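The next block holds one structure in the form of structure tokens; read it before the comments.
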Amino acid sequence: MSLDRTLPGAPAPSSSSSCITPGLTRLFALAVGLIVTNIFAPQTLIGVIAPALGLTVAGSGLIAMATLLGYAIGLFLLVPLGDIVENRALVVRMLSCAAVMALAAALAPSAAVLLTALFCLGGACAAIQVLVPIAAGMAAPERRGRVIGDVMSGLMLGILLARPLASLVADLWGWRAYYGLSAAVLALLAGFLAWRLPRRPPTVTTRYPALILSLWHLLRDEPVLRARAFTAALSMAAFSLFWTAVALRLAQPPFGLDQRGIVLFALAGAGGALATSIFGRLGDRGWSRPATTISHLLIALALLLAGWAGSASADAAPLRPLLLLGLGAILVDIGVTGDQTLGRHAVNLLRPAFRGRLNGLYVGLFFLGGAAGSSLAGLLWVRGGWSAVCAAGVLAAAAMLVFDGRRGAR
């Protein structure tokens, strides 16, 4: 009896998988990049949304947290459906729901309604993690890291461009216009994927409660999953701490940036997406462990640099600290990109028949870290300012490096 058969929701006999084409790979990358913008856009919009809806600075972190937390819950409860429901239909339904929730956010009359809409929007955007396993499953094993890296390039580009795009739209037409535009894009994407996405029938035959129960069995039985999810959660917490609070710091002296200036700053971090394919290829060559440690070192260096640059006095010349802060943004994005790409590569090699649940668990756990980082950012900002935010990020990176050392010793 195979190991997979010991889990609830064991795989049914499967047919041979299709081979993914470059064009289809680009489609996956474009789709996940467009969807993921909704999850990270609030990080740069908190400065305009919070006062408009009566939220305090300490409570503004809830805006960024809502979509991240909803996304994590969607990964735990919705993405596993990819193993028992035809994937194209599941993706289209989730994106249709996301379009409705984005429209609700655009029309939200109060903070409570907005937070609810953003939570549900985040959950529906978990369709990303139904698309990624489809791409991984269609790739030959020797090319899987490259395909995942290419798709992740689209994902990371969407993450990194979400902030400048949202800032630009908010500056031109207001923050509600961003969510109205997003609703239209999601609706169009749902229709296009319904036409273009290949069918992917379910790989297991089981009931939904048993499927969800199997998440615990997978987490218990897969040490690689646990290790990768732990460091990914810490890296995502550091990422969210930085990007949730940096807009607040940039608005203060000596920088004094308005929403357009924050757009240009956020564009600096987009260079981190270029590292995704590189890390994917390193995973294919068996260099995952040293490459992971390098990514964690980059996160630590980035937060130290950002903390130092952001400590510039109000009467200091702003150019040099702004450039150093921008370098920190690039480095933190490269570090987080590397950790996530290598983690996905490792997780997707574990049990092909359970790829939907493995991805849901892995990404769900690290987005819980991201939600925690976003919620803490506002509190740390009020209590200790930018230095406290960066110190918390450095502590997260240090914990990752200690964990890397302990794994290497074993």
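Note that the coordinates shown come from a computational prediction; the quantities given were computed from them, not determined experimentally. When a residue number appears, it is its place in the shown sequence, counting from 1.
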Look at the side chain of R199 and the backbone N and O of N87, then say whether any donor-acceptor pair between them is shorter than 3.5 Å. no

To the closest 0.5 Å, what do you measure between CG (L365) and CE (M236)? 13.0 Å

Aromatic ring pairing W243/F239, orientation class (parallel under 30°, perpendicular over 60°, tilted between): tilted

Between S375 and A372 (side chain of the first, backbone of the second, donor and acceptor by atom type, cut-off under 3.5 Å), is there such a pair? yes

Could you go through L361 and V347, starting from their C-alpha distance and side-chain angles, then the distance that decides it, and tell me whether this counts as side-chain contact (heavy atoms from CB on, under 4.5 Å)? CA-CA 10 Å; L361 263 175; V347 168; over 6 Å; no

Heavy-atom distance under 4.5 Å between the side chains of I49 and P42, does that happen here? no

Please answer whether the main-chain N or O of A232 pairs with a side-chain N or O of S235 as donor and acceptor at a distance below 3.5 Å. yes

Non-hydrogen side-chain atoms of T21 and T25 separated by less than 4.5 Å: no

Taking the side chain as C-beta and beyond, is there a heavy-atom pair between P321 and W308 under 4.5 Å? no

Are there more than 12 heavy atoms of other residues, nucleotides or ligands under 6.0 Å from atom CZ of R93? no

Measuring centre to centre across the rings, with the benzene-like ring taken for any Trp, is W175 within less than 6.0 Å of Y178? no

Least distance between heavy atoms, G261 atom then D258 atom: N-OD1, 2.9 Å

One should read off an interatomic distance between L155 CG and T337 OG1, to the nearest 0.5 angstrom, of 9.0 Å

Taking the side chain as C-beta and beyond, is there a heavy-atom pair between N38 and L186 under 4.5 Å? yes

Closest non-hydrogen atoms of T116 and A112, given as atom of the first, atom of the second and distance, are OG1-O, 2.9 Å

Backbone N or O of V224 within a donor-acceptor pair of the E222 side chain at under 3.5 Å? no

Test L118 against Y179 for side-chain contact (heavy atoms from CB on, under 4.5 Å), laying out the working first. CA-CA 10 Å; L118 292 181; Y179 285 106; 3.5 Å; yes

Where is the tightest heavy-atom contact between D150 and A29, given as atom of each residue plus distance? O-CB, 3.8 Å

For a 4.5 angstrom cut-off between non-hydrogen side-chain atoms, does L376 reach W381? no

Does L75 reach the side chain of Y71, with side-chain heavy atoms less than 4.5 Å apart? yes

Can you confirm whether I39 sits close enough to I128 that some side-chain heavy atom of one is under 4.5 Å from a side-chain heavy atom of the other? yes

CD1-CG distance between I35 and L193, expressed to the nearest 0.5 angstrom: 6.5 Å

Do L30 and L34 have side-chain heavy atoms sitting under 4.5 Å apart? yes

For R196 and L27: C-alpha separation, side-chain torsions, deciding distance, then whether side-chain contact (heavy atoms from CB on, under 4.5 Å) applies. CA-CA 9 Å; R196 188 68 180 83; L27 173 61; 3.4 Å; yes

Does the side-chain contact (heavy atoms from CB on, under 4.5 Å) test come out yes or no for S96 and M101, once each step is laid out? CA-CA 9 Å; S96 299; M101 289 300 104; over 6 Å; no

Measuring from L218:CG to L350:CG, what's the distance to the nearest 0.5 Å? 9.0 Å

For the backbone of G122 and the side chain of T67, can you confirm whether one donor and one acceptor N or O come within less than 3.5 Å of each other? no

Ring-plane angle category for F40 and F367, please: parallel below 30°, perpendicular beyond 60°, tilted otherwise. tilted

How long is the span from the CG atom in L257 to the CG atom in L322, to the nearest 0.5 Å? 6.0 Å

State, without any angle test, whether Y362 and Q129 hold a side-chain donor-acceptor pair at a distance under 3.5 Å. no

Over all atoms of both residues, closest heavy-atom pair of I46 and P51: O-CD, 4.0 Å

Kindly give the heavy-atom pair with the smallest separation between L250 and F255, and that separation in Å. O-CB, 3.3 Å

Distance in Å, R220 CZ paired with R226 CZ, rounded so as to fall on 0.5 Å steps: 10.0 Å

Which atoms form the tightest heavy-atom contact between S374 and S240, and what is the distance? OG-CB, 3.4 Å

Could you tell me whether the side chain of R88 and the main chain of L197 form a donor-acceptor pair under 3.5 Å? yes

